[in-house]
There are 2 protein chains.
Amino acid sequence: MSNPAPSGGDLSRLRQLNSLAAIRVLRGAEPLTLSVLAERTGLSRPSTKDVMDELVGLGWVEEVAPVAGTMGRPARRYRFRADGGHVVGVDIGAHKVLAALADLDGNILAETRHTVDPDTPTDARLDAIDKAIAGCLSLAGLTRRDLWAVTAGTTGLVDPEGRVALSTAIRNWSGVDLAGRLSEMFPCTVLVENDSKLAALAEWQRGVAQGAKDVLFLHAGRRTGAGLIVDGKLHRGFAGSAGEISLLPLSRWADGSALLDGSPVVPTGIPPQDAARYVLSAARDGDPAAMESVERYVEVLALGAAMMVLTVDPELVILGGSFSRAADILLPPLRRRLAEVCMRPPELRVSTLGDECVVLGGIGYAIHHLDGRLFGVEGGLPTPLPQHADAMLTSGAPL
Amino acid sequence: MSNPAPSGGDLSRLRQLNSLAAIRVLRGAEPLTLSVLAERTGLSRPSTKDVMDELVGLGWVEEVAPVAGTMGRPARRYRFRADGGHVVGVDIGAHKVLAALADLDGNILAETRHTVDPDTPTDARLDAIDKAIAGCLSLAGLTRRDLWAVTAGTTGLVDPEGRVALSTAIRNWSGVDLAGRLSEMFPCTVLVENDSKLAALAEWQRGVAQGAKDVLFLHAGRRTGAGLIVDGKLHRGFAGSAGEISLLPLSRWADGSALLDGSPVVPTGIPPQDAARYVLSAARDGDPAAMESVERYVEVLALGAAMMVLTVDPELVILGGSFSRAADILLPPLRRRLAEVCMRPPELRVSTLGDECVVLGGIGYAIHHLDGRLFGVEGGLPTPLPQHADAMLTSGAPL
DNA sequence: GGCATTTACGAAGGAGCCCATCATTAGTAG
DNA sequence: CTACTAATGATGGGCTCCTTCGTAAATGCC
């Protein structure tokens, strides 16, 4: 069925495999001793030492001072050099541009936010992106030559080439070759993805969906969207439009949030971005008309969710987006409606990552992409490792 | 994101990898010479020879007579011993039980069909399954000890433990522990899966969906169902109910076919199993009322398909099931309706495997499952190979 | 039939990677 | 200062792979 294709090969391939296994053990963990490392990789101690020597030489790993106070001879300790490279995640929304810079372990080092509005012209928006990332870099004392990858998450449909195929939330955004424009700005790998998909990824990598095989992420906010993790992988779909239920008029997802912020309960004078919050709050306080609006909104949300849940049968559904702060009143009816149509309804959880979700997902996506080149078994033998390592050691600028 | 986990290890692991690579090259192909084998596996000739010696010793591969008439010294030729083991696929429908026996390459060696009806009691139905498989075995001159795996495909929802969670088409079928009952009958691996899922798998493995990454298979027949291939793998879902759109009343899939065989066009006296065919045929001849019925049916089919297509965004949709014989009149309106809601509509193709679809999928599923144990990188080092090989060599009966 | 050509086989030598073992070293505890 | 502990570093051996070379078994031409 799938093609695992370890494909065998050379002796050096074995070493490569073992090096990668070591990196994988080391990454994201505190510094480890050779003994522990040997145990976790399954290698013998001498071999582990060989591997570490090599990785230290390549710059992937560094030795740290041994810890004192233990019995016996102090053990060497090694750590993954997460600071060997950096990635950026950008969330391009209708009203804001949020950028975050992280090291190769995904630790956030800097974050900046710029305000825009839906009518901001494309060039100005791209400029805001540039400024946001530049801000992160200067906060962290880095230059754009230190970047290994940039992931942009944006509202709207993103095609496989990284162009915005369709965006209703941002004016004139449809058709922008975002990957192309960003590539001109940054001399590194540029990835573009739909924001809900990145949010799903973030929840899966470091949020409430960790460890789940299949996950549906619902973005409930001024837009309604979804992202899917299938079999432990972000599912994009052939045209990158997986989860774009809103294209089906029957789903009423396209203007689903209007049921909230267009509710008759909203008094005049409330700014549109606060309307939904007002209704949700009123519903919580027992206002019957507000409850009615919420009910209708959840019905729409649940219908689309049900379509996707029945299609994919995930074990977990995550409610995210700005409305998820009102999960206490959204979750019960949503759960009820899903239970009506599912043989075994998926567990329902609320996103905890807040509005950093998308940038976190972008960072994770970028790192995963780099990993793919590292851990990739694709070519069989050719070692992707020296590419990075070379760049890291010689110029300091990768790729 | 995913966890490829080759996890490195021993030298023997490398040999194992290379052995598996060799098997993979050999399997399903005509006998190959060492030179070709060496080229395709990427190994040197001497190493390839070593690997082949080992595999011949284990019984996975055998040498065949060299081919004459070529220049130079005749080269040894090796072939995968597909006859080293056998698997069975069974299609358990409401009206029939169809079984097929195949070798490890998936070549069909025998096939038998038994007629049942929806009211056949469970024990009698299981007996029909037993007889169908026994028939295949005796046709091929084998015993059930020669079977390595049996896959049963059945209408209805199949839970992860191989029980029938829900079946509307077969009386008293819900709740039957099919995997358990079959395990009592056959001393080998028993797998149970929904029939539409297996059909999807078959189309992907050897039908019109080969090579596609994501595929939606539509079963259009007396029941309406679906199967999904996601990222080159059969997607089951957490409870095994992926694609069970019919649980959503709005989809109207549960009684979708009634729009055809319950059409007012059908004259009295036509047996129910021929009614749909009559309507489709009448529609082809231009009968306006029949065309109207077909139109309504396609509308329902398309709605469910659209839900799943928008969720998964597959590159390919396959129309299968008995109604697919009338693809000429079903496909155009289906295509039109999908095009209305998709940014980039998936390609639409008609199944070519006919009613053997499910057994073929079952056979493929069984072989894949065995492969998983063979090629599986799961444990890291422990070699699954000797298990089979031992059994093969000593008793002739595996597992 | 004999000889050149072609193609594959098999053996030998060498390199890389991993492992087990053991003496040695650098700490802590008393 | 000595005993104990735990990790280090070096040695030797085994396995798998590779390259190279002489040999073997066919065909095709004379």
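Numbered from 1 within each chain, the chains take letters A, B, ... in sequence-line order.
Atom P of nucleotide C:dG10 and atom CG of B:D50 are separated by 11 Å, given to the nearest angstrom. Between the CZ atom of A:R13 and the P atom of C:dA15 there is a distance of 25 Å, rounded to whole Å. Regarding B:M52, its CE atom lies at a distance of 16 Å from the P atom of D:dT16, rounded to whole Å. When the C1' atom of D:dT19 is taken as reference, atom CG of B:L43 falls 14 Å away, rounded to whole Å. Summarising the geometry, the separation between CD on B:E54 and P on D:dC15 is reported as 13 Å, rounded to the nearest angstrom. If you measure from atom CG of B:L32 to atom P of C:dA8, you get 13 Å, rounded to the nearest angstrom. C:dC19 atom C1' lies 12 Å from atom CG of A:L14, rounded to whole Å.
Between the B:D214 side chain and the B:D231 main chain, a donor and an acceptor come within less than 3.5 Å of each other. Between the side chain of B:T41 and the main chain of B:L37, a donor-acceptor pair closer than 3.5 Å is present. A side-chain donor-acceptor contact under 3.5 Å links A:E203 to the backbone of A:V208. Side-chain atoms of A:R77 come within 3.5 Å of backbone N or O of A:A65 as a donor-acceptor pair. A donor-acceptor pair under 3.5 Å is absent between the side-chain atoms of A:E193 and the main chain of A:G362, judged by distance alone. A donor-acceptor contact shorter than 3.5 Å links the side chain of B:W204 to the backbone of B:A212.
Within the helix from C:dG1-D:dC30 to C:dG30-D:dC1, the inter-axis angle between the opening and closing five-pair segments is 0°, rounded to 10°.
Between B:S44 and D:dC17 there is no side-chain polar atom (N or O) within less than 4.0 angstrom of OP1 or OP2. A:N18 has no side-chain polar atom (N or O) that falls below the 4.0 Å cut-off from OP1 or OP2 of C:dC17.
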### Query
Can you give one letter per nucleotide of nucleotides 3-14 of chain D, 5' to 3': B if a protein heavy atom sits under 4.0 Å from the base, S if only from the sugar-phosphate, - if neither?
--BBBBS-----
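A:Q210 pairs by the side-chain hydrogen bond (donor to acceptor under 3.5 Å, both in side chains) definition with nothing, not counting sequence neighbours.
Here the closest non-hydrogen pair linking A:R206 and A:G106 is NH2-O, 3.0 Å.
Using a 4.5 Å cut-off on side-chain heavy atoms (C-beta onward), A:L137 and A:R144 make contact.
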